[in-house]
> 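Could you have a look at this structure, given as C-alpha cells, before my questions?
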Amino acid sequence: MKKELKILIIIYLITRIFYFFSGGYILKKTGFLKENYEKNYHLERKNSGWVEALYRWDAPWYLYIAENGYKENRKAPEAKKWKDIPFSAGFLPLFPYFIKFFKLFFSSYELVGIFLSFIFGLTSVISFYFLIKKFLSESAFTSTLIFMFFPPSIFLSLPYPEGLFLTLLFLFFLSLEEDFLEGFLLLPLLVMTRAQGFYTILLFLFFPKNIKKKLFLIFLFLLGILTIFLIYYKSFGSILPFLQRQSLSRGIPLGPWHGFVEFFLWKEKGIFSWKGSWIDLFLSIIFIFLIVFSKERKIFPLWALLWTYIVLLFPLCSSFLSYQRLILPAFPIFGILGKIFNKKIFYFLIPLLFLIQFYYFYRYATFQWIS
C-alpha cells in the first residue's frame, strides 16, 4: 500500500506541476477567447501568465469573496445579467474563507488559491484511494489513477472548491463505513463547501442504521445549514439570494429526463457546449449503465450505490451544465472502471486520459468552455 500511495503522489505532483507551469506558455502562444474573457468576471491585475491561466470562470469569484466578503461586485459583467441578485451569493463560504485565513502566510490571494487547490487536489486523490481500497483492495491503485486522470478532475487542482469538497466527502464516507464518530464532524464543512453536500441528508434514511447516529448526523447537517444561513443573513439579510443563484429547485420535480429534453432543445450543441455537450450525454449514459447493470456494482454497499444514483441523476434534473465536474463525487463509478479494465487496456487508457486532461486545461486557460 505504501508503495502504491507513493507512486500516486509522485504522479500527481509531476503532472499537476507540468499543467500549472504550461499555462503561461499556452497563453503566450495562443492567448484567450476574447468574447468569453470580456463577458465574464476575470482578474485585472498584473500577474504572470501561469497565474493568470489558472483563474478562469468562477475561480476569480472565490478570490473576490476571500478579499471582500459577499458584498456585491458591480464591476463584474455578471452583475448586469443577475440585476438584483448578487452574483457572489451563488458561492458557498468554506473555500474562500480558507483562502482568507491562509493569506496570512502568502504575499497575494492568487498564490493562496493556487497553493490550496494544489494541496486539496492531492488530499482528494489520497482520500479517494483509501475509500476505494475499503471495497476494492486489489484495484484501488488503478481506480485512483482513472479518477486522477478523468479529464474534469483537472478542477481538483484549480482554484475551485472541488479538491476540498471531495477530500471532506471521501473522508466522511470512510468515517461512516468505519463507524468513526469523530469523522462525522466533517459533515457541516461538507455542507459549507459545495451544494452537492446537501444531497448527503438523503443517505441518512438508509445509513447508518443506528437511530442515535442518524439523529447526530441530521443535527450536524442542520448545523452546517444554520451556519450558511447566518453568513448569508449577515451579508444579504436573507438566504434567498443563494437559493435564487443556485436554482436548486429548477427542474427537480420534473425528474432527470428534464436535462435530456433541455439538451436536445439546446441549439448550440457540440463536443463542448455551454448547456451540455455530446461528451456529457455520452458519459451520463455510460455511467448510469455501469451503476445499474455492471456486476462490479454489487461490491459496494447500498448507501454507496444510492449516493451514486443521486450524484448522476440530480444534475440532469436541470441541465447538463458542468455535468462532468458534478459527477466526480460518484466514487463507485471509478472503482468499477478500475476493476473492469485489464492491464493491456489500462496502459493505453491512462496516457490517453492524460492527453485529454491536458487539452481540458488548455481550453480552461484560454477561456473556452469545458464541462
> Starting from the C-alpha separation in whole Å, work towards a yes-or-no answer on side-chain contact (heavy atoms from CB on, under 4.5 Å) for V112 and F101.
CA-CA 9 Å; V112 178; F101 174 78; over 6 Å; no
> When you group the ILVMFWY residues by side-chain heavy-atom contacts below 4.5 Å and let the links chain together, are I356 and F18 in the same group?
yes
> Would F173 and F331 count as a close aromatic pair, with their ring centres under 6.0 Å?
yes
> May I ask whether F180 and F135 are part of the same hydrophobic cluster, defined by side-chain heavy atoms of I, L, V, M, F, W, Y residues being less than 4.5 angstrom apart, directly or through others?
no
> Looking only at non-hydrogen atoms, find the nearest pair between F361 and S22 and report the distance.
CE2-OG, 3.7 Å
> Any donor-acceptor pair under 3.5 Å linking the side chain of Y309 with the backbone of I288?
no
> What distance separates D58 CG from Y41 OH, expressed to the nearest 0.5 Å?
12.0 Å
> Look at the side-chain heavy atoms of Ile, Leu, Val, Met, Phe, Trp and Tyr, link any pair under 4.5 Å apart, and say whether L326 and W257 land in one connected group.
no
> Working to the nearest 0.5 Å, report the span between CZ of F91 and CG of L94.
15.5 Å
> Using the benzene-type ring in the case of Trp, are the ring centres of F141 and Y129 under 6.0 Å apart?
no
> Do the side chain of K214 and the main chain of P208 share a donor and acceptor less than 3.5 angstrom apart?
yes
> Does Y12 reach the main-chain N or O of L122 with its side chain, forming a donor-acceptor pair under 3.5 Å?
yes
> Hey, does the side chain of S318 reach the backbone of P315 with a donor-acceptor pair shorter than 3.5 angstrom?
yes
> Establish, yes or no, whether a centroid distance under 6.0 Å links the rings of F120 and F98.
yes
> Minimum heavy-atom separation for P256 to C317, with atom names?
N-SG, 3.9 Å
> Without swapping roles, check the side chain of Q368 against the backbone of L33 for a donor-acceptor pair under 3.5 Å.
no
> When clusters are formed by joining ILVMFWY residues with side-chain heavy atoms under 4.5 Å apart, either directly or through shared neighbours, do F198 and L205 land in the same one?
yes
> Given 3.5 Å as the limit, does a donor-acceptor pair link the side chain of R297 with the main chain of V292, or not?
yes
> For this output row, return yes or no: ring centroids of F272 and Y360 closer than 6.0 angstrom.
yes
> Would you say L185 and F216 make side-chain contact, with heavy atoms under 4.5 Å?
yes
> Would you mind reporting whether L353 and P151 have side-chain heavy atoms less than 4.5 Å apart?
yes
> Would you confirm whether the ring centroid of Y64 sits within less than 6.0 angstrom of the ring centroid of W61?
yes
> Check whether any side-chain heavy atom of F300 lies under 4.5 Å from a side-chain heavy atom of I336, and answer yes or no.
yes
> Relative to the ring of F354, is the ring of F149 parallel (under 30°), tilted (30 to 60°) or perpendicular (over 60°)?
perpendicular
> Once you measure the plane-to-plane angle for F334 and F287, does it fall in the parallel (<30°), tilted (30-60°) or perpendicular (>60°) bin?
perpendicular
> I need the minimum non-hydrogen distance between F165 and Q196, along with the two atoms involved.
CZ-CB, 3.8 Å
> Judged by atom type as modelled, is there a donor-acceptor pair below 3.5 Å linking the side chain of Q357 to the main-chain atoms of F150?
yes
> Is there a side-chain contact between L158 and W57, using heavy atoms and a 4.5 Å cut-off?
no
> Pick from L190, L226, I201: which one makes a side-chain contact (heavy atoms from CB on, under 4.5 Å) with F221?
I201
> Using modelled atom types and a 3.5 Å cut-off, is there a donor and acceptor pairing between side-chain atoms of S108 and backbone atoms of L111?
yes
> Looking at W50, F358, F118, which hits ring pair (Phe, Tyr, Trp, His ring centres under 6.0 Å) with F20?
F118
> If Ile, Leu, Val, Met, Phe, Trp and Tyr residues are connected whenever their side-chain heavy atoms lie under 4.5 Å apart, and connections chain through other members, are F282 and L321 in the same group?
yes
> Would a 4.5 Å heavy-atom cut-off, applied to side chains only, mark K213 and D179 as touching?
yes
> I need the minimum non-hydrogen distance between P332 and A304, along with the two atoms involved.
CG-O, 3.8 Å
> Would Y232 and L240 satisfy side-chain contact (heavy atoms from CB on, under 4.5 Å), going step by step from the backbone distance to the final call?
CA-CA 9 Å; Y232 279 95; L240 186 60; over 6 Å; no
> For S273 and F320, run side-chain contact (heavy atoms from CB on, under 4.5 Å): C-alpha distance rounded to whole Å, both residues' side-chain angles, the deciding distance at 0.1 Å, then the answer.
CA-CA 9 Å; S273 179; F320 281 92; over 6 Å; no
> Does the side chain of M192 come within less than 4.5 Å of L92's, by heavy atoms?
no
> Are the side chains of L8 and I126 in contact, using a 4.5 Å heavy-atom criterion?
no
> Does E110 reach the main-chain N or O of L54 with its side chain, forming a donor-acceptor pair under 3.5 Å?
no
> According to the interplanar angle, ranging from 0 to 90°, do the rings of F289 and F293 count as parallel (below 30°), tilted (30 to 60°) or perpendicular (above 60°)?
tilted
> Give the intermediate values and the outcome of side-chain contact (heavy atoms from CB on, under 4.5 Å) for residues S124 and E162.
CA-CA 9 Å; S124 67; E162 260 68 20; over 6 Å; no
> With a 4.0 Å cut-off, would you call K103 and E67 a salt bridge?
no
> Please verify the inter-ring angle class for F105 with F102; under 30° counts as parallel, over 60° as perpendicular, anything in between as tilted.
tilted
> Using the ring pair (Phe, Tyr, Trp, His ring centres under 6.0 Å) rule, pick out the option among Y362, F367, Y37 that qualifies with F32.
Y37
> Counting C-beta onward and ignoring hydrogens, is there a side-chain heavy-atom pair between I327 and I333 closer than 4.5 Å?
no
> Does K269 make a cation-pi contact with F263, if we ask for NZ or CZ under 6.0 Å from the ring centre and within 45° of the axis?
yes
> Relative to each other, are the rings of F95 and Y62 parallel, tilted or perpendicular (30° and 60° limits)?
perpendicular
> Which atoms form the tightest heavy-atom contact between F184 and L220, and what is the distance?
O-CD1, 3.3 Å
